[in-house]
A.B. asks: 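Got a structure for you, questions after.
Letters A, B, ... mirror the listed sequences (proteins, then strands); counts begin at 1.
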2 protein chains.
Amino acid sequence: MNVYEYLLSYDIKPSVQRIAIMDYLLKHHTHPCIDEIYMALHDDIPTLSKTTVYNTLKLFVEHGAAKMLTIDERNACFDGDTSAHAHFQCKCCGKIFDMPMHINEKAINDIADKGFSVEEIHNYYKGVCPDCKKNNSDKN
Amino acid sequence: MNVYEYLLSYDIKPSVQRIAIMDYLLKHHTHPCIDEIYMALHDDIPTLSKTTVYNTLKLFVEHGAAKMLTIDERNACFDGDTSAHAHFQCKCCGKIFDMPMHINEKAINDIADKGFSVEEIHNYYKGVCPDCKKNNSDKN
DNA sequence: TTCAATTCTGTAATTATTACAATTTTATTT
DNA sequence: AAATAAAATTGTAATAATTACAGAATTGAA
């Protein structure tokens, strides 16, 4: 399935901009922020507006085609991988990595039993990634 | 232990402002944002500056006396309860509730085995709280 | 009491995000 | 194919959260 059809499957009308943004999300697992996407696509689509990137990602999230991450304190990041998975952000380089998510059914049930409707599960870790650990030890 | 000693135990020099802010955090489990704290303390300390609230919370987080939550998309929230626990934010009213955290030792070990140093575990849910569920059904 | 260090304050600057009106593009109807 | 309507995009301006910073106030030590 190409990106055009992929967007249609989420009830999103494909446009040049939307296809380019979704394509970027699907091909780059860097959990990009608005600016990363905007700058990356600016070469191909010089008329692209940052407002369009904002609007488009909001649309994607509303239609379930992307997820917004509020892991980074500075600004929102976006993930084209909508499957259940956890994340790890390196405090040193800021990169966000994908990690497997182990859903605890009992924990969810306990919350539901208290009368809460659970719609989203967020799970992430912070620490230092292997690369930064290596680089830091090299300095000594 | 009073708040004065509590701050000292985290190597934080107590001042009128710091004591008031930590006291607010310890007594209110609402996961307040900067503005909530600022407005709540403004009556008692009319000279309080919002910059001081920012600086103080940053200091608390650095010393481990408070945790910053980036659950709410609008602005950062703060938690004086530094024990390991999860959260639930209601998409309707925005309130953040405390939930028990079930740490999955195996998941942490798997991440560590990949060469990552895990320093923080974040776990939260989003959905609708019991009160909002009730209010929404009342409208029908 | 004097001096130095720390803390606090208020304003200005910065940055991310949103609002909105005008323009462009796309789809539909005649 | 031209005219019309609807939707999407753009760019600028506004908003809001956060940070930078310099001066004032407070604290602690000599």
A.B. asks: Can you check whether A/Leu59 reaches A/Arg18 side chain to side chain, under 4.5 Å on heavy atoms?
C.D. replies: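 Heavy-atom side-chain distance check passes, below 4.5 Å.
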A.B. asks: Round to a whole Å and report the spacing from CG of A/Leu48 to C1' of D/dA8.
C.D. replies: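 Those two atoms, CG and C1', are 12 Å apart.
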A.B. asks: Counting only side-chain heavy atoms from C-beta out, which of C/dT7, D/dT10, D/dT9 sits nearest to B/Arg18?
C.D. replies: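 That would be C/dT7.
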A.B. asks: Check whether any side-chain heavy atom of B/Cys93 sits under 4.5 Å from a side-chain heavy atom of B/Asp131, and report yes or no.
C.D. replies: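 Not touching, per the 4.5 Å side-chain cut-off.
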A.B. asks: B/Thr47 side chain N/O closer than 4.0 Å to the phosphate oxygens (OP1, OP2) of C/dT9?
C.D. replies: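 Checking C/dT9 against B/Thr47, a side-chain N or O does come within under 4.0 Å of OP1 or OP2.
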A.B. asks: Closest-nucleotide mapping onto DNA chain D: is A/Ser15 or B/Lys13 further toward the 5' terminus? I mean the 5' end.
C.D. replies: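 Nearest-nucleotide comparison on DNA chain D picks A/Ser15.
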A.B. asks: To the nearest Å, give me how far apart CG (A/Leu57) and P (D/dT9) are.
C.D. replies: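 My rounded result for the distance is 12 Å.
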A.B. asks: Output the rounded distance in Å from CD (A/Glu73) to C1' (C/dT14).
C.D. replies: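 These atoms are roughly 17 Å apart.
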A.B. asks: Output yes when a side-chain donor or acceptor of B/Thr52 lies under 3.5 Å from a complementary backbone atom of B/Leu48, and no otherwise.
C.D. replies: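 Side chain of B/Thr52 to backbone of B/Leu48, a donor-acceptor pair under 3.5 Å: no, none is there.
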A.B. asks: How close or far is atom C1' of D/dA8 from atom CG of A/Asp11, stated in whole angstroms?
C.D. replies: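 Atom-to-atom, A/Asp11 to D/dA8, this comes out as 17 Å.
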A.B. asks: Using the ring centroid of each side chain, check whether B/Phe60 and B/Phe78 are separated by less than 6.0 Å.
C.D. replies: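 Between B/Phe78 and B/Phe60, which both carry aromatic rings, the centre distance is not below 6.0 Å.
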A.B. asks: In this structure, how many angstroms lie between the C1' atom of C/dT18 and the CD atom of A/Glu62, rounded?
C.D. replies: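 Going from A/Glu62 (CD) to C/dT18 (C1'), I get 14 Å.
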A.B. asks: Give a yes/no on whether any side-chain N or O of B/Gln17 is located under 4.0 angstrom from OP1 or OP2 of C/dT9.
C.D. replies: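 Yes.
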A.B. asks: Do the side-chain N and O atoms of B/Asp72 and B/His31 include a donor-acceptor pair separated by under 3.5 angstrom?
C.D. replies: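 B/Asp72 vs B/His31: no donor-acceptor pair found between side chains.
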A.B. asks: Just how far, in rounded Å, is C1' of C/dT24 from CD1 of A/Ile45?
C.D. replies: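 After rounding, the reported distance stands at 15 Å.
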A.B. asks: Can you tell me the distance, in whole Å, between the OH atom of A/Tyr38 and the P atom of D/dT9?
C.D. replies: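 Rounded to the whole Å, the gap is 15 Å.
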A.B. asks: Can A/Asp110 and A/Lys106 be counted as an ion pair, charged N to O under 4.0 angstrom?
C.D. replies: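 Yes.
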A.B. asks: So which protein N/O to nucleotides 16-23 of chain D N/O distances come out below 3.5 Å?
C.D. replies:
{"residue": "D/dT18", "atom": "OP1", "partner": "B/Ala76", "partner atom": "N", "Å": "3.4"}
{"residue": "D/dT18", "atom": "OP2", "partner": "B/Tyr54", "partner atom": "OH", "Å": "2.8"}
{"residue": "D/dA20", "atom": "N6", "partner": "B/Thr51", "partner atom": "OG1", "Å": "3.4"}

A.B. asks: Whole Å only: how far is the NE2 atom of A/His42 from the P atom of D/dT10?
C.D. replies: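 So the NE2-P distance, A/His42 to D/dT10, works out to 10 Å.
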A.B. asks: Any Lys/Arg nitrogen of A/Glu120 or A/Lys67 sitting under 4.0 Å from an Asp/Glu carboxylate oxygen of the other?
C.D. replies: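 Salt bridge between A/Glu120 and A/Lys67, a charged N being under 4.0 Å from a carboxylate O: no.
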